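Okay, structure first, notes after.
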Amino acid sequence: MRAILTLALTSAIAVGGCTSAYYSVMQKMGKEKRDILVQRVKDSKKDQEDTKEKLQTTMESFQALTGFQGGSLEKSYKKLNGDYESAADQVQKLHDRIQSIDKVSSDLFNEWQNEINQMGSAKLKAQSSGMLRDSKAKNAVFMTAMHNTEARITPVMAAFHDQVLFLKHNLNARAIGSLKGTSAKMDTDVTALKKSIDASMAEADNLINSLSATDKTDKQ
């Protein structure tokens, strides 16, 4: 039953279904909001790595098709279309992950501030407030990096979408030849996007380390 409940709650996370009831159940399982945030940020690294790989695979399929030198055009197109659809699904998964991180971080920091307000010791209040500010700042940097990555993903996926549809309607040597210049530009855009994803993953590590360090300090 516990495994089934955990699976159901995990599914709710994926679609942004984060509620007070969810937090309550997770707390009973020994998971506080900070634990949930850390896990989601860790999961975002896997989502970003998968996104990077699927975008690269789609780019390689597009390059293979635009540099077509024989074989089955239909087969090459179907591979490109399949890779594009797989990348689009992964991009949506990453978007959902970002939304879920934004939600739980907001809830965590609000709870943290409310608990600080309940403290009577000025010294402990100041210490906790400092840790809160630091965590919020690192979270803001991470979220900015993630949103910047999303902003770069959008035009790249839109370009892939246009090219896939164009090739669907014009699957011939002349049409393919006309896209060689486009292929070079898209490769440049995808390379820049992969660098942005790497930067976002580095910020994820910084946030995870910050929250983990804060957690250790709280337990001392």
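Treat the numbers as computed from the prediction; the structure is a model and nothing was measured.
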List the atom pairs, with distances to 0.1 Å, where a side-chain N or O of residues 172-184 and a protein N or O form a donor-acceptor pair under 3.5 Å, not counting sequence neighbours.
{"residue": "Asn172", "atom": "OD1", "partner": "Arg174", "partner atom": "N", "Å": "3.2"}
{"residue": "Asn172", "atom": "OD1", "partner": "Ala175", "partner atom": "N", "Å": "2.8"}
{"residue": "Ser178", "atom": "OG", "partner": "Ala175", "partner atom": "O", "Å": "2.6"}

Side-chain polar contacts of residues 163-170 - donor-acceptor pairs under 3.5 angstrom, sequence neighbours left out - could you list them?
{"residue": "His169", "atom": "ND1", "partner": "Leu165", "partner atom": "O", "Å": "3.2"}
{"residue": "Asn170", "atom": "ND2", "partner": "Phe166", "partner atom": "O", "Å": "3.0"}

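Listed by chain and residue number, nothing satisfies the salt bridge (charged side-chain N to carboxylate O under 4.0 Å, His left out) test with Glu32 (two or more places apart in sequence, or in another chain). Evaluation of the side-chain hydrogen bond (donor to acceptor under 3.5 Å, both in side chains) rule for Glu115 yields no partner, not counting sequence neighbours. Qualifying side chain to side chain contact (heavy atoms under 4.5 Å, CB included) partners for Glu85, counting only residues two or more places apart in sequence or in other chains: Asn81. With sequence neighbours left out, the side-chain hydrogen bond (donor to acceptor under 3.5 Å, both in side chains) criterion links Lys194 to Gln56.
Listed for the Gln48 side chain is no donor-acceptor partner under 3.5 Å among the backbone atoms of Asp198. Side-chain N or O atoms of Thr51 include none that pairs as donor or acceptor with a backbone N or O of Val91 at under 3.5 Å. At least one donor-acceptor pair under 3.5 Å links the side chain of Ser100 to the backbone N or O of Arg97. Within the 3.5 Å criterion, the main-chain N or O of Ser20 finds no donor-acceptor partner in the side chain of Ser24. Remark: side-chain polar atoms of Asp134 are not paired, donor with acceptor, to backbone N or O of Gly130 under 3.5 angstrom. Counting only distance, with no hydrogens or angles, the side chain of Ser135 and the backbone of Met131 share a donor-acceptor pair below 3.5 Å. Judged by distance alone, with hydrogens and angles left aside, the side-chain atoms of Asp102 form no donor-acceptor pair with the main-chain N or O of Ile98 at under 3.5 Å. Checked by atom type and distance alone, the side chain of Ser196 never pairs as donor or acceptor with a backbone atom of Ala192 at under 3.5 Å. Proximity of a side-chain donor or acceptor of Ser128 to a complementary backbone N or O of Lys125 within less than 3.5 Å is not detected. The main-chain N or O of Asp205 is found under 3.5 Å from a side-chain atom of Asn209 such that the two form a donor-acceptor pair.
Val38 and Met29 fall within a single hydrophobic cluster, where Ile, Leu, Val, Met, Phe, Trp and Tyr are joined by side-chain heavy atoms under 4.5 Å apart, directly or via other members.
A donor and an acceptor atom, one from each side chain of Ser61 and Asp83, are located under 3.5 Å apart.
Within the 4.5 Å cutoff, no side-chain heavy atoms of Ile197 are placed close to those of Glu49. Side-chain atoms of Phe62 and Thr58, non-hydrogen and from C-beta on, never get closer than 4.5 Å to each other. Arg34 has its side chain within reach of Trp112: a pair of non-hydrogen atoms, C-beta onward, lies under 4.5 Å apart. Inter-residue side-chain proximity for Asn206 and Phe142 is flagged as unmet; no heavy-atom pair is nearer than 4.5 Å.
Distance check, rounded to the nearest 0.5 Å: CD1 of Ile101 to OG of Ser44 gives 4.0 Å. One distance of note links OH of Tyr23 with NZ of Lys33; it measures 6.0 Å at 0.5 Å rounding. Here CG of Leu193 is found 7.5 Å from CZ of Arg152. Values are rounded to the nearest 0.5 Å. In this structure, Lys42 NZ and Asp47 CG are separated by 14.5 Å, a value rounded to the nearest 0.5 Å. Atom CD in Glu203 sits 10.5 Å away from atom CG in Asn148 (nearest 0.5 Å). Interatomic distance, Gln39 CD to Leu211 CG, rounded to the nearest 0.5 Å: 12.5 Å.
Classification of Asp89 and Lys54 as a salt-bridged pair fails, no side-chain N sitting under 4.0 Å from a carboxylate O. Lys103 has a carboxylate O that lies under 4.0 Å from a charged side-chain N of Asp107, or vice versa, which qualifies the two as a salt bridge.
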Verdict with reasoning, Asn139 to Leu108, per side chain to side chain contact (heavy atoms under 4.5 Å, CB included)
CA-CA 11 Å; Asn139 183 71; Leu108 168 63; over 6 Å; no

Self-check item: side chain to side chain donor-acceptor pair (under 3.5 Å) assessment of Gln118 paired with Asn114
Solution: CA-CA 7 Å; Gln118 297 172 29; Asn114 288 335; over 6 Å; no

- prompt: Step by step, would you call Lys52 with Leu55 a side chain to side chain contact (heavy atoms under 4.5 Å, CB included)?
  reply: CA-CA 5 Å; Lys52 185 169 69 169; Leu55 286 167; 5.8 Å; no

* Asked: Would Ser129 and Arg133 satisfy side chain to side chain contact (heavy atoms under 4.5 Å, CB included), going step by step from the backbone distance to the final call?
  -> CA-CA 6 Å; Ser129 293; Arg133 284 193 300 272; 3.8 Å; yes

*asked:* Walk me through whether Phe160 and Met59 qualify under side chain to side chain contact (heavy atoms under 4.5 Å, CB included).
replied: CA-CA 8 Å; Phe160 274 134; Met59 187 68 243; 3.9 Å; yes

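Residue Ala145 comes nearest to Ser200 through the heavy atom pair O-OG, 3.0 Å, listed as atom of the first residue, atom of the second, then distance.
Applying the side-chain hydrogen bond (donor to acceptor under 3.5 Å, both in side chains) test between Asp96 and each of Gln92, Gln99, Lys93 identifies Gln92 as the sole match.
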